[in-house]
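Below is one structure, written out as structure tokens; comments come after it.
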Amino acid sequence: MAFWLVKSEPSSFSIEDLAARPQQTEAWDGVRNYQARNYLRDHMKKGDLVLFYHSNIPIPAIVGLCMVTREGYPDPTAQDPSAAHPDPRSTPDNPIWYQVDLKLVRIFSRPAALHTLKQDPRLEGMLLLQKGNRLSVMPVSAAHFQSILTLVQ
DNA sequence: GCCAACGTTGGC
DNA sequence: GCCAACGTTGGC
């Protein structure tokens, strides 16, 4: 099993929004970065655990946990002109962008704030903490994942 | 709102 | 293939 982290701006989609979805499940669409796409398409497997991160707010934080319930499949919003990030190059025969389905596992009662993560020596080298990292989907090592779990409970 | 960091685009 | 210009991300 592998571990991941996804970022979302709560103003567009928060973990509370995920909790309110049918089956508490959401298609993780709209990703338009090739490296993140490759993770979604090729590497995220059913049952993998995914940390949910709120970005672009006063206290950015890891706020919950979800699980991959469907592996990579073409992102239909790429072909939707009214969607946030349409890409006319992507076609049903030759899709460029992919999504997975994420199901909520739980919302952390004690979220792990970014400034807390930065102070934890166990999390040294974590991708999320690297300067200038803008990936919205990224792998998390098992050790880092376990350390983060100790912070949120 | 600012701005550093980064990815993408497109002229050459 | 280089690289300047541009748009976006996201912490602060």
Side-chain angles (χ1 to χ4, degrees), chain A residues 2-21 26-44 48-68 71-102 104-141 143-152:
Chain A
F3 305 99
W4 306 92
L5 181 145
V6 297
K7 295 179 187 173
S8 187
E9 300 191 17
S11 60
S12 57
F13 190 80
S14 70
I15 199 159
E16 288 79 18
D17 294 327
L18 180 60
R21 284 287 193 265
E26 177 76 353
W28 207 253
D29 59 23
V31 173
R32 299 291 181 266
N33 168 284
Y34 284 103
Q35 199 177 347
R37 187 280 310 268
N38 292 346
Y39 290 136
L40 292 169
R41 185 188 62 185
D42 305 329
H43 301 294
M44 295 177 81
D48 283 358
L49 293 174
V50 183
L51 297 166
F52 196 111
Y53 178 83
H54 279 170
S55 66
N56 229 344
I57 48 170
I59 302 179
I62 295 170
V63 293
L65 183 66
C66 35
M67 179 183 287
V68 177
E71 296 179 9
Y73 61 105
D75 176 353
T77 69
Q79 275 122 241
D80 178 356
S82 68
H85 305 286
D87 184 348
R89 298 170 305 161
S90 189
T91 64
D93 283 346
N94 200 1
I96 298 177
W97 304 113
Y98 283 73
Q99 62 190 14
V100 298
D101 285 356
L102 295 182
L104 182 67
V105 174
R106 65 190 180 95
I107 297 177
F108 296 145
S109 52
R110 197 147 66 96
L114 179 60
H115 63 82
T116 305
L117 302 174
K118 282 180 173 171
Q119 287 167 5
D120 192 325
R122 297 172 301 169
L123 299 180
E124 208 172 288
M126 191 182 172
L127 222 46
L128 177 71
L129 305 182
Q130 282 173 21
K131 189 176 179 178
N133 174 37
R134 291 168 21 181
L135 263 186
S136 64
V137 178
M138 67 184 79
V140 176
S141 75
H144 287 160
F145 182 84
Q146 293 303 330
S147 298
I148 288 162
L149 287 190
T150 68
L151 297 174
V152 297

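In what follows, chains carry the letters A, B, and so on, assigned in the order in which the sequence lines appear, proteins first and then strands, with residues in each chain numbered from 1. Model, not experiment: these values are computed from the prediction.
Applying the ring pair (Phe, Tyr, Trp, His ring centres under 6.0 Å) rule to A:Y53 yields no partners; only residues at least two apart in sequence or on another chain are considered. By the side-chain contact (heavy atoms from CB on, under 4.5 Å) test, A:T150 is found to be paired with A:R122, residues two or more places apart in sequence or in another chain being considered. Listed by chain and residue number, nothing satisfies the side chain to side chain donor-acceptor pair (under 3.5 Å) test with A:W28 (two or more places apart in sequence, or in another chain). Partners of A:F108 under the ring pair (Phe, Tyr, Trp, His ring centres under 6.0 Å) rule, at least two apart in sequence or in another chain, do not exist in this structure.
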For nucleotides 5-12 of chain C, just jot down a letter per nucleotide in 5' to 3' order: B, S or -, based on protein non-hydrogen atoms under 4.0 Å.
-> --BBBBBS

Donor-acceptor list for residues 124-139 of chain A side chains, cut-off 3.5 Å, not counting sequence neighbours:
unit_1	atom_1	unit_2	atom_2	d
A:Q130	NE2	A:G125	O	3.0
A:N133	OD1	A:L135	N	3.1
A:N133	ND2	A:L127	O	3.1

